[in-house]
Amino acid sequence: MKINAAKEADFDTVRSITQQTIKAVYPHYYPKGAVDFFLAHHSDEKIMRDIRSGDVFLLYTDNNEAAGTVTTEKNEINRLFVLPEYQGHGFGGALLLFAEERIAENYDIAELSVSLPAKAIYLKKGYVFKEYCAIKTENGDYLCFDNMEKPMLKQK
């Protein structure tokens, strides 16, 4: 497995991983309005902006297949998605560790917003609850999530 910075030419891959994962996983946890909001939140413009900023990374399997993506912006971990067919193989953990190491270079705390399906994973990885959030979507549904944080250990 390898993790590389995404380039503009990788936009479609990052977008596809993001949208496929949201569409496959989130309807099991959230109402349609929340899923639609989440898809719109990870818009083409935001993805491209983050790629151009050098903040987006892609994880490739040993067979050179793009399996996941993560975005780091300052001390925040965003858009960490692993395609459903690659979940359960340690790729999400590898992306999280990569993001944490990147953040630890300059910050003492990593922060992230955690969806319902991922909360237990982040608790096991040492993240602690910071605040509960709910966003009312267009058709009256709610997107509920937690903000969490974890102290970063400086690498020597």
Side-chain angles (χ1 to χ4, degrees), residues 1-7 10-11 13-22 24-26 28-30 34-35 37-43 45-62 65-137 142-156:
M1 136 179 57
K2 63 183 175 182
I3 299 173
N4 294 334
K7 297 175 176 47
D10 297 316
F11 167 79
T13 302
V14 174
R15 181 179 187 265
S16 178
I17 290 170
T18 300
Q19 289 190 353
Q20 283 184 53
T21 305
I22 292 169
V25 175
Y26 286 75
H28 299 288
Y29 298 89
Y30 291 110
V35 174
F37 178 92
F38 209 55
L39 287 165
H41 176 71
H42 294 291
S43 67
E45 295 79 16
K46 288 180 183 176
I47 293 171
M48 186 56 84
R49 176 201 67 202
D50 292 341
I51 289 172
R52 288 179 177 148
S53 296
D55 295 330
V56 180
F57 300 87
L58 283 166
L59 179 142
Y60 293 90
T61 67
D62 291 337
E65 296 168 338
T69 184
V70 68
T71 300
T72 60
E73 185 178 355
K74 297 181 183 176
N75 71 323
E76 290 185 50
I77 299 170
N78 299 308
R79 205 180 299 114
L80 195 162
F81 293 110
V82 175
L83 287 168
E85 62 266 31
Y86 293 105
Q87 292 176 7
H89 299 283
F91 296 130
L95 282 166
L96 181 61
L97 181 60
F98 174 85
E100 290 174 346
E101 289 173 351
R102 183 170 156 83
I103 288 169
E105 292 173 5
N106 297 302
Y107 299 95
D108 295 329
I109 294 176
E111 297 180 353
L112 47 77
S113 295
V114 180
S115 61
L116 296 175
K119 184 174 181 177
I121 294 167
Y122 288 108
L123 287 169
K124 288 179 186 175
K125 299 287 186 179
Y127 284 81
V128 295
F129 173 83
K130 188 174 164 187
E131 83 182 310
Y132 171 80
C133 302
I135 298 171
K136 189 173 184 179
T137 64
Y142 283 87
L143 170 61
C144 302
F145 60 95
D146 289 340
N147 285 330
M148 301 181 84
E149 63 184 17
K150 177 181 177 179
M152 294 288 96
L153 300 174
K154 293 288 183 189
Q155 302 297 318
K156 294 183 180 182

Who passes side-chain hydrogen bond (donor to acceptor under 3.5 Å, both in side chains) against [X], sequence neighbours left out?
X	answer
Asn75	none
Asn4	none
Thr71	Arg79
Asp10	none

Next on the checklist: Using the ring-ring contact (aromatic ring centres under 6.0 Å, His included) criterion, which residues pair with Phe98? Sequence neighbours excluded.
Outcome noted: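 By the ring-ring contact (aromatic ring centres under 6.0 Å, His included) rule, Phe98 matches Phe57.
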
Checklist entry - Quick one: ring-ring contact (aromatic ring centres under 6.0 Å, His included) partners of Tyr122, sequence neighbours excluded? => result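 ring-ring contact (aromatic ring centres under 6.0 Å, His included) check on Tyr122 returns Tyr127.
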
How many angstroms lie between atom [atom1] of [X] and atom [atom2] of [Y], to the nearest 0.5 angstrom?
X	Y	atom1	atom2	value
Ile103	Leu112	CD1	CG	8.0 Å
Thr69	Ile51	OG1	CD1	7.5 Å
Thr13	Leu58	OG1	CG	6.5 Å
Leu116	His28	CG	NE2	13.5 Å
Thr137	Phe38	OG1	CZ	13.0 Å
Met152	Glu101	CE	CD	10.0 Å

Checklist entry - Who pairs with Glu76 by salt bridge (charged side-chain N to carboxylate O under 4.0 Å, His left out), at least two apart in sequence or on another chain? => result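 Not a single residue meets the salt bridge (charged side-chain N to carboxylate O under 4.0 Å, His left out) criterion with Glu76.
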
Checklist entry - Among all residues two or more places apart in sequence or in another chain, which pass the salt bridge (charged side-chain N to carboxylate O under 4.0 Å, His left out) test with Arg52? => result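 Checked Arg52 against salt bridge (charged side-chain N to carboxylate O under 4.0 Å, His left out); matches are Glu8.
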
Next on the checklist: For a side-chain hydrogen bond (donor to acceptor under 3.5 Å, both in side chains) check, start with the C-alpha distance between Asp55 and Thr72, then their side-chain angles and the critical distance, and finish with the verdict.
Outcome noted: CA-CA 5 Å; Asp55 295 330; Thr72 60; 4.8 Å; no

Checklist entry - Of all residues at least two apart in sequence or in a different chain, which pass the side chain to side chain contact (heavy atoms under 4.5 Å, CB included) check with Ala134? => result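 Ala134 satisfies side chain to side chain contact (heavy atoms under 4.5 Å, CB included) with Tyr132, Tyr142, Cys144 only.
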
Checklist entry - side chain to side chain contact (heavy atoms under 4.5 Å, CB included) with Pro151: which residues, sequence neighbours excluded? => result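 So Pro151 forms no side chain to side chain contact (heavy atoms under 4.5 Å, CB included) with any residue.
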
Next on the checklist: Less than 4.5 Å apart, side chain to side chain, heavy atoms only: is that true for Phe145 and Ile135?
Outcome noted: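 They are in contact (side-chain heavy atoms under 4.5 Å apart), so the answer is yes.
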
Checklist entry - Have Tyr26 and Ser115 got a donor and an acceptor in their side chains that come within less than 3.5 Å? => result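 Side-chain D/A pair, Tyr26 to Ser115: present.
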
Checklist entry - How about Lys125: does its NZ atom have over 12 heavy atoms from other parts shown lying under 6.0 Å from it? => result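 At most 12 heavy atoms, drawn from other residues, nucleotides or ligands, come within 6.0 Å of this atom.
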
Checklist entry - Among pairs that include at least one residue of residues 109-124, which meet salt bridge (charged side-chain N to carboxylate O under 4.0 Å, His left out), considering only residues two or more places apart or in two chains? => result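 Pairs touching residues 109-124 that pass the test: Glu111-Lys130, Lys119-Asp146.
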
Distance-only check: which donor-acceptor pairs under 3.5 Å involve side-chain atoms of residues 83-91, not counting sequence neighbours?
| from | atom 1 | to | atom 2 | distance (Å) |
| --- | --- | --- | --- | --- |
| Tyr86 | OH | Glu65 | OE1 | 2.6 |
| Gln87 | NE2 | Val82 | O | 2.7 |

Checklist entry - Okay, side chain of Asp62, backbone of Met1: is any donor-acceptor separation there less than 3.5 Å? => result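 Side chain of Asp62 to backbone of Met1: a pair is present.
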
